[in-house]
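No hydrogens, no waters, no symmetry mates; every other heavy atom, side chains included, goes into these values. Model, not experiment: these values are computed from the prediction.
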Amino acid sequence: PAGPPAIDVRGLSKRYGRRTVVNDLDLRIPVGAVAGFIGPNGAGKTTTLRMLLGLVRPTTGQGTVLGHPLTDPAGYLPRTGALIENPALYPRLSARRNLEALTILAGRDPAWVDAVLDEVGLAERADDEARSYSLGMKQRLAIAAALLGDPDLLILDEPTNGLDPMGIRLMRDLIRGLAARDGRRRTVLVSSHLLAEVEQICDWIIVVDRGELAYQGPPERLLSAGAPRVTLRPEH
Ligand code: ATP
C-alpha cells in the first residue's frame, strides 16, 4: 500500500564519548511489515531500538516514526508497544492481575485484558502467578502488556533469546499473528542475533554489523546481496 513507511529514519547514530555504537543508519520499514533486525551481540541493535523508543537520545538522526518526527517521540509512543528489557512483572500476581494493574495505571479499559491474554495464548494460564511461568510465557505476558494499547508499531528486542526450540516456534507463530491483517496496519520490528530464528516470519530484513547497516530489504535478496556471513550462523 502507498503512504509513508512506518519507520523512515536517516543518519541515525549513537556515540558514547569517542565510541560509535550506531553509525549513520538509514532505516525504512514499510507499514504492515514484520521486520527482522539482525546482527551479532554488540552490533548496536538494542541501542537502536532504545533510540526509536525515546529511551536513548540519538547523537544524530532525522526522519519519522508513524509519521511523527523521530525527535518528538511523544508523538508516536502512544501508538507504539515494546518488549525491550526484562519485563517488570509482579511475580505473585496472576497474569490477568498484572495486566489489569498496567491498564489501570495507563488509564485504559480493563475489559481489554482478556482479549490480549487470548491473543498471546495465555488465556488458560491467566490466573496462575506470574512467577510460575516459564521464560517463554513471561515473554508472552510482556508482549501482552505491550499490546494493551493496540499499537500500530510493536518493537520486540530479542524475544526468542534463551528459549528452547519449542518456545522459539511458539514465539514465531505469535509474532506472525500479531502482524498486520484484516485491515490492521500494525508494523512489527523484531531483533535477533540469529537470522534463522526469525527469517521465516519476516517480510523485511535489516542486518547491522558493528553499528552499520549491512543489508535492508526483502529476505529473498539477502543472500545474493552478500550480507556478512557472521549473521547467517550461530554467533557465540
Ligand atoms: P546485544 O544483543 O548484546 O544487546 P546489541 O546489538 O543490542 O547487542 P547494544 O546493546 O546496542 O548491541 O550495544 C552495542 C555496543 O554499545 C556494545 O558494545 C555496548 O557495550 C555499547 N554500549 C551500549 N550502551 C552503552 C553505554 N551506555 N555506554 C557505552 N557503551 C555502550
Side-chain angles (χ1 to χ4, degrees), residues 34-37 41 45-57 65-66 73-179 184 186-194 197-198 201:
V34 176
F37 191 36
N41 291 329
K45 302 184 299 295
T46 300
T47 302
T48 300
L49 298 181
R50 291 178 68 88
M51 287 195 281
L52 294 174
L53 289 165
L55 298 168
V56 163
R57 187 197 297 268
V65 179
L66 299 178
Y76 60 83
L77 287 180
R79 290 161 60 207
T80 303
L83 166 67
I84 186 103
E85 48 214 5
N86 286 337
L89 301 169
Y90 297 101
R92 289 173 189 275
L93 291 187
S94 69
R96 178 180 282 114
R97 285 277 178 230
N98 265 284
L99 295 182
E100 283 173 355
L102 290 170
T103 50
I104 289 162
L105 291 173
R108 294 203 166 105
D109 180 4
W112 178 233
V113 164
D114 279 319
V116 168
L117 281 165
D118 194 42
E119 190 163 18
V120 301
L122 288 176
E124 285 176 18
R125 297 283 305 272
D127 294 313
D128 296 353
E129 291 183 1
R131 63 177 173 163
S132 74
Y133 277 22
S134 67
L135 175 63
M137 292 169 72
K138 283 177 181 154
Q139 298 276 70
R140 296 159 86 78
L141 181 53
I143 292 174
L147 290 172
L148 286 172
D150 193 17
D152 291 329
L153 174 63
L154 185 60
I155 292 181
L156 307 173
D157 193 17
E158 304 246 12
T160 51
N161 209 13
L163 302 184
D164 61 19
M166 177 61 142
I168 291 171
R169 212 171 318 134
L170 284 169
M171 185 58 72
R172 266 204 300 260
D173 291 347
L174 170 60
I175 294 169
R176 191 70 249 181
L178 298 176
R184 184 170 68 193
R186 184 181 293 151
T187 305
V188 183
L189 175 57
V190 51
S191 78
S192 176
H193 57 280
L194 289 176
E197 281 187 1
V198 295
I201 58 164

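- Using modelled atom types, one side-chain atom of Asn98 and one backbone atom of Tyr90 make a donor-acceptor pair closer than 3.5 Å.
- The distance from the CG atom of Leu55 to the CD1 atom of Ile84 is 6.5 Å, given to the nearest 0.5 Å.
- Here the closest heavy-atom approach between residue Asp109 and residue Thr103 is recorded as O-CG2, 4.4 Å.
- How far CG of Leu122 is from CG of Asp114: 11.5 Å, rounded to the nearest 0.5 Å.
- For the side chain to side chain contact (heavy atoms under 4.5 Å, CB included) criterion with Tyr133, the lone passing option out of Gln139, Lys138, Arg140 is Lys138.
- Atoms CG and CG, on Asp173 and Leu178 in that order, are 10.5 Å from each other to the nearest 0.5 Å.
- The two residues Gly81 and Pro151 have their closest heavy-atom pair at N-CB, 3.4 Å.
- Scanning all heavy atoms of the two residues, the minimum distance from Val188 to Ala179 falls at CG2-CA, 4.1 Å.
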When you look at Glu158 and Asn41, which way does the side-chain contact (heavy atoms from CB on, under 4.5 Å) test go after all the steps?
-> CA-CA 10 Å; Glu158 304 246 12; Asn41 291 329; 4.1 Å; yes
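- In this structure, Met171 and Ile143 approach most closely via the heavy-atom pair SD-CD1, 3.5 Å.
- Considering every non-hydrogen atom in both Ala145 and Leu102, the closest pair reads CB-CD1, 3.5 Å.
- The shortest non-hydrogen separation linking Leu49 to Leu156 is CD1-O, 4.4 Å.
- Interatomic distance, Leu194 CG to Ile168 CD1, rounded to the nearest 0.5 Å: 8.0 Å.
- From Arg169, atom CZ reaches atom CG of Asp164 across 9.0 Å, with rounding to the nearest 0.5 Å.
- With hydrogens and angles disregarded, no donor-acceptor distance shorter than 3.5 Å links the side chain of Arg186 to the backbone of Leu154.
- Asp157 and Ser191 form a side-chain donor-acceptor contact under 3.5 Å, judged by distance and modelled atom types alone.
- Residues Val120 and Leu174 have side chains in contact (heavy-atom distance under 4.5 Å, counting atoms from C-beta outward).
- No donor-acceptor pair under 3.5 Å is formed between the side chain of Arg79 and the backbone N or O of Leu153.
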Can you list the steps and then say if Leu135 with Leu163 is a side-chain contact (heavy atoms from CB on, under 4.5 Å)?
-> CA-CA 7 Å; Leu135 175 63; Leu163 302 184; 3.8 Å; yes
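- Listed for the Arg176 side chain is a donor-acceptor partner under 3.5 Å among the backbone atoms of Ile201.
- Arg172 contributes a side-chain N or O that, together with a main-chain N or O of Glu197, makes up a donor-acceptor pair within less than 3.5 Å.
- Between Arg131 and Leu89, the closest side-chain pair of non-hydrogen atoms is not below 4.5 Å.
- Annotation: the span from Asp152 atom CG to Thr80 atom OG1 amounts to 8.0 Å, rounded to 0.5 Å.
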